[in-house]
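Here is the structure we will look at, set down as structure tokens.
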Amino acid sequence: MTRVQNVVVESVKTVLGWVPAQWLPGGTPDPLIGRSAAIGRQASRLDGPQKVSGQARFAAEVPMEGLSYAAFVHSPVTRARIARLETQAAEAAPGVILVMTHRNMPRISPLALISITDLSAVGNSSLPILQDENVRYNGQVVAVVVAETQEQADHAAALIEIDYDTVPAKTHFEDAKARARTPASVLIDKNHVTVGNAERELTQAAHRVDAVYRTPGHNHNAIELHAVTVAWQDGSLIVHDATQMIAPSAGALAKVFGLKKEQVRVLSPFVGGGFGGKGLWDHQILAIAAARLTGRPLRLMLSREGVYRIIGGRTPTEQRVAIGANTEGRFTALVHTGYSIMLPYGACPEQYTSSARALYSAKSVEIVQHHVDLDIVPNTYMRAPGESVGTFALESAVDELAHQMGIDPIELRRRNEPERHPISGAPFSQRALITAYAEGARRFGWEHRSAEPGTRRDGEWRIGMGCATGSFPYARMPSTNVRITLKRDGSAIVACSAQEMGMGTSTVQVQHAADRLGLPVDMITFEMGDSSLPASAMAGGSSQTASIAGAILAATDKLTGELLRLAGNDSPVAGLRTGDVRLTDQGVASLEEPWRHESYRSILDRAQRDEVSITAAGSAPLEMLKFAMNSSSAVFCELRVSDVTGEVRIDRLLGSFDCGTILNPKTAASQFKGGMIMGIGLALTEETLFDERSGRIMNATLADYHVPSHLDVPDIEVIWTGIPDPRSPLGARGIGEIGITGVAAAIANAVFNATGKRIRELPITLDKLL
Amino acid sequence: MIPLAYHRASSADEAIHLAGAPGARLLGGGTNLIDLMRKGVEQVSDLVDVTALSSSIEESDDGGLMIGAAARNSAVAAHPLVRSRYPLLSRAILAGASAQIRNMATVGGNLMQRTRCVYFNDAAGSRCNKRAPGSGCDARGGFNRYHAILGASPHCVATNPSDMSVALAALDARIHVSSASGTRIIALGDFHRLPGERPDIETVLEPSEIITAIEIPPSAVAANSTYRKVRDRASYAFALVSVAAGLTLRDGVVEDVRIGFGGVAPKPWRALRAEAALRGQPATESAFMAAAATELADAVPLSGNGFKIDLAQRTLAAVLTELSGDRR
Amino acid sequence: MAIRINGAEVQAPGDARVSLLDFLREHLHLTGTKVGCNQGACGACTVIIDGERVLSCLTLAAQADGRSVTTIEGLSADGALNPLQVAFIEHDGFQCGYCTPGQICAATAMLQEIERGMPSYVTADLAAERATLTAQEIRERMSGNLCRCGAHNGIVEAIMQVATERAA
């Protein structure tokens, strides 16, 4: 974001500070808080039967007549100009329909980068896509082969001969630090924050820690490979995609290919895992362009290596955290600065200082992020961008300080718990981190921890406990629309273009709509995954549930008005206005006189209507600016470290979450655990091996990039405060990403407790503990 | 993959005949070869499926074991005679890959599997003397955490990834091979080559030969044996270091010992020096550490795997200590 | 010869390069078997051949000629979910659902392996006729099936429940 945006956001926040809370959305708590029926129930996933029987259809599984298959050729060099390109052998190979290179790729409009202010801007890269002879990063697609079968396409791709004139490339992180940029803002936060003189306070502090923490690059590694099945039909475009941004992608593709918005339909009813990686990248655009040239439907599935080559992952980070404290353990200085990759042609600033802005009160603060520029595929958002790796540094440092001071690390955190947002001064909408810690500690048996490292043993294994705070901001996306259609038989269909990647969106929103509309859950159908439905925003920032909930809330208000209008003067609810009634018991009822009730069936019967349908957008999410809305968690870990081999085995992991209302305990627990398991990988095994000599990722396989296996994952316990957030729809805040935060630090802190060794560089592999 | 013909051999003779064609390769479970063909590391025009050849697992006349080359890895690991007499072999196989892959892979194929060096596997973008002789080695100055500290050469530092072979090395297994000109038996220790100047030639098997069986001699020391694999993920990962060992003691003194190392060398590494150092010595942890140090005295670390020297010694000492157990 | 797939006989494809996985998905439209890596590193493509779980991505369709293949589609006869599938739903043993068919096929064969006495790397006593089914045994035996959403706990619970019910 620009400095101008900084000013705008800051001034909106300032103005909002003067507006009474009840004027804002969420100002009056959602009436469903505290009177829900379906919400809060353990409900199994509605799409479960499809998923366990192999019937759920993913993007690469859509059958089409006359389907063709594509294969990519990736550049093995980093910066170059293509000097010679020989495609004849490939074109002559059996089954080949098309070889597409920069020579014959249609000219397209550039893709707008993901932006906070333009929701149809969803590009992860603004580099030209096969538009010229230049290679700008290692792995870039330089040719596309389309053939009758996948085997033929793959073989022909290997027949293309390319000579490259290479030029020097920026591939060394350490070297690039010297030329780092310091942006004005990081997402919607002002980047450089200075409160007092933190460096001076640090030197004068009674206690201080000051260390550098490093995290490597990561890849999302959703098990489903990125794939599209595309078809052009009479100038219109149908894209079956694996995407977490259905409507925004449709809008962006229309711009890229010069089409009207209505001419593009993106469908993605099931996505085999996203985690930030299933956005709009080169492959969809290349597949669509190739299908346009051949006039044939086309299927493209990236190889696993291809995913690593052209879908960016999480940037490596180098973070300095320094904390100064007085003799009572109150923070007098908090410094969090560092370096990460952010390309001029990329979109994700990896806001690793986000937690330092929200978690602690400190007398002085110094926060700033620096951006390093390399010649690589743009890094992007990956589960809890920022907080996942930022909490590793921050929460390791807090643990280091607690050890140095001889204070229990939970007590140290309690002493520095802020009353208002430490930077903005905004009131918290709701915050019960200390409660989460207390309940988590009791449940976990924290009192059995030995404060002295290296004192617990079981045979060759040293045993340790650690804890850390997790944190993730609330978000609700503007421009989320839903359509509610109430049928004469009393059933309802709720529809929007939202995406299902395993969060259980439809399950939870059916529960929500049931309570909102006063219907049993089995009378509600939720339609999603199709850009022809009312547009909802991308699934990102753990915002989808709140965003759709806000839209359903808005649509219900409009629907209530429409029902009252249709009810007319011969109804028990005649004369009442929207604010006087609520939807309950399959109909409309007076708030004051609940016996005044008329069923939907009766209203529609009398009005002789088969259905009533309302489309509405959620209100502007101004609550995010007025209040500090942050979820937090207390993560506890007990583990063993082998004295012989340095291997780490997690025995127990517990997350105690403060995330507002929990809408479906079953699917919520799974989301939390899923994040925590990705946190185990972050802590112990995951690392994208980027060879700085070549600029090439060397472990572009699931055999060499180690996501946790079953044996790495212990039984995980998840609890929550469940305290509703009075400023959000349903009292809920997002839960998709917070699970990963704090975990790496809790594990690193437990490793320290077990061994006395402080590991400040992830992953914590056994060689670091020998 | 290049266009391909698939043949299924019904006898060793037929396999030998079919495999003689240029571009032909034998196909066992395919768990390594198919992947390498897809990656463009292997160019194969004719696949000769040999899984219909002998897969029997039988006690041999001398009380050892004869295993048909087409026996699946999982069948060997589960066999009652293997579990009772050669537990290190059962455990080594069970430590490898995943259940699915063990169900597919044959023992003959396992012996022939190729290194998992990431530069070897990257036909499109990396230099590798094993894949393309004379092209150079990108592993030496690159990511070499999984690479060799023993037996490597300036031309290649890759490791052999097999778990099974480590146990077979400790067991003095013999490999039966056949060709049109007859049969011969190769000691497992002689089967895999060190890279020297020709890392592309990995075994002494001639192109015209096929593996028909693996023979394991009777072994008293194997009755008290195990396999420990140290890796970056708790399961389904290649070894950083692994140890296959068998031990017999008499009055607290090492009577016999067999040791194989995995993950540290271009071939399954039989630790003959450590074994010699231990025979007749008291079975103490310090003696185990000293013997391990003897074996690793010539170890040469690379930029990213120096920890393996220490790790290999500690792991060996721990395994032998465990095997000493209450027999001490 | 022919390949028997979920009880029906089909002819192997003409192109010998076609993997069993692609044959199932692209030729037969049995898309329940998933592609996660196409290199034997994730288990999403697990099917059962002649009673054994294998990876269909590293199996050429030609290799399956004359053999009997069961896919996820073959595990729920006439659309009725089997106990393992029901348990996966009950214990929320999946989120996105993509690795799920592979997990279920692998678990199906794994339970038979245990009944046959197959040990695992974490089985303490190799001489025992049959390993005691612990969570740790299930985890080790299922480690060839990666899950990125993090449904591991639910998967292990679902398998344990079915195994316990069968033993009862």
Side-chain angles (χ1 to χ4, degrees), chain A residues 44-45 47-58 60-61 63 67 69 149-152 155 220-225 270-275 299 301 303-304 500-504 666-667 669-671 673-678 701-704 707-713 715-716 739, chain C residues 15 17-19 22 25-26 29-42 44 71-73 75-76 79 81 84-86 88-90 92-102 104 122 135-136 138-157:
Chain A
S44 291
R45 286 167 204 277
D47 53 18
Q50 285 168 282
K51 286 178 174 174
V52 300
S53 62
Q55 300 304 313
R57 181 165 275 159
F58 294 82
E61 298 168 357
L67 199 57
Y69 295 82
T149 72
Q150 190 66 58
E151 290 77 15
Q152 291 169 334
H155 172 53
H220 308 83
N221 280 316
I223 301 296
E224 181 200 28
L225 296 162
F270 294 104
V271 181
F275 319 113
R299 178 166 297 161
M301 176 179 268
S303 64
R304 179 55 66 180
E500 164 58 32
M501 311 184 287
M503 310 86 93
K666 182 181 275 193
T667 53
S670 292
Q671 285 251 70
K673 288 182 184 182
M676 293 171 76
I677 290 164
M678 209 178 267
T701 79
L702 286 173
D704 300 308
V707 308
S709 73
H710 274 287
L711 198 59
D712 294 281
V713 180
D715 279 333
I716 296 173
Chain C
D15 187 339
R17 294 173 296 188
V18 176
S19 67
D22 273 1
R25 288 170 60 88
E26 303 299 336
H29 304 294
L30 291 171
T31 55
T33 306
K34 303 302 183 191
V35 196
C37 69
N38 226 18
Q39 57 191 187
C42 78
T71 70
I72 187 74
E73 290 91 347
L75 289 181
S76 41
L81 301 181
L84 193 59
Q85 291 169 317
V86 172
F88 263 66
I89 296 175
E90 178 58 30
D92 215 26
F94 56 91
Q95 291 183 36
C96 78
Y98 197 80
C99 75
T100 313
I104 290 174
V122 301
Q136 206 64 353
I138 295 177
R139 289 184 186 119
E140 163 59 19
R141 289 163 191 266
M142 290 298 293
S143 279
N145 290 79
L146 301 181
C147 167
R148 190 53 160 166
C149 295
H152 305 76
N153 282 185
I155 293 167
V156 172
E157 287 162 16

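A note on names: the letters A, B, ... follow the listed sequences, proteins ahead of strands, and every chain is numbered from 1.
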Chain A contact via [X] - which portion, at a heavy-atom distance below 4.5 Å:
{"X": "Leu81(C)", "value": "side chain"}
{"X": "Ser76(C)", "value": "side chain"}
{"X": "Leu84(C)", "value": "neither"}
{"X": "Val156(C)", "value": "side chain"}

[X] versus chain C, the contacting section by heavy-atom distance below 4.5 Å:
{"X": "Glu500(A)", "result": "side chain"}
{"X": "Glu61(A)", "result": "both"}
{"X": "Leu711(A)", "result": "both"}
{"X": "Ala56(A)", "result": "backbone"}
{"X": "Ala60(A)", "result": "both"}

Nearest 0.5 Å please: distance from the [atom1] atom of [X] over to the [atom2] atom of [Y].
{"X": "Ile716(A)", "Y": "His152(C)", "atom1": "CD1", "atom2": "NE2", "result": "8.5 Å"}
{"X": "Leu702(A)", "Y": "Asn38(C)", "atom1": "CG", "atom2": "CG", "result": "11.5 Å"}
{"X": "Asp92(C)", "Y": "Gln671(A)", "atom1": "CG", "atom2": "CD", "result": "9.5 Å"}
{"X": "His710(A)", "Y": "Gln136(C)", "atom1": "NE2", "atom2": "CD", "result": "12.0 Å"}
{"X": "Lys51(A)", "Y": "Gln85(C)", "atom1": "NZ", "atom2": "CD", "result": "14.5 Å"}
{"X": "Ser143(C)", "Y": "Asp712(A)", "atom1": "OG", "atom2": "CG", "result": "7.0 Å"}

* For Arg57(A) and Thr31(C), indicate whether the former's side chain and the latter's backbone hold a donor-acceptor pair under 3.5 Å. =>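 No, because the side chain of Arg57(A) does not come within donor-acceptor range (under 3.5 Å) of the backbone of Thr31(C).
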* Ignoring hydrogens and geometry, is there a side-chain-to-backbone donor-acceptor pair from Arg139(C) to Val713(A) under 3.5 Å? ->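 Yes.
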* Asked: Do the non-hydrogen side-chain atoms of Cys149(C) and Phe275(A) ever get within less than 4.5 Å of each other?
  ->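 Side-chain contact under 4.5 Å: yes.
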* Asked: If we only count heavy atoms from C-beta on, is the Arg25(C) to Gln150(A) side-chain gap below 4.5 Å?
  ->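 Counting from C-beta outward, Arg25(C) and Gln150(A) never come under 4.5 Å.
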* Asked: Out of Ser19(C), Gly97(C), Gly36(C), Gly32(C), which one racks up the most heavy-atom pairs below 4.5 Å with chain A?
  ->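 The residue among Ser19(C), Gly97(C), Gly36(C), Gly32(C) with the greatest pair count is Gly36(C).
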* Asked: Can Glu224(A) and Lys34(C) be counted as an ion pair, charged N to O under 4.0 angstrom?
  ->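 Looking at Glu224(A) and Lys34(C), the cut-off is not met.
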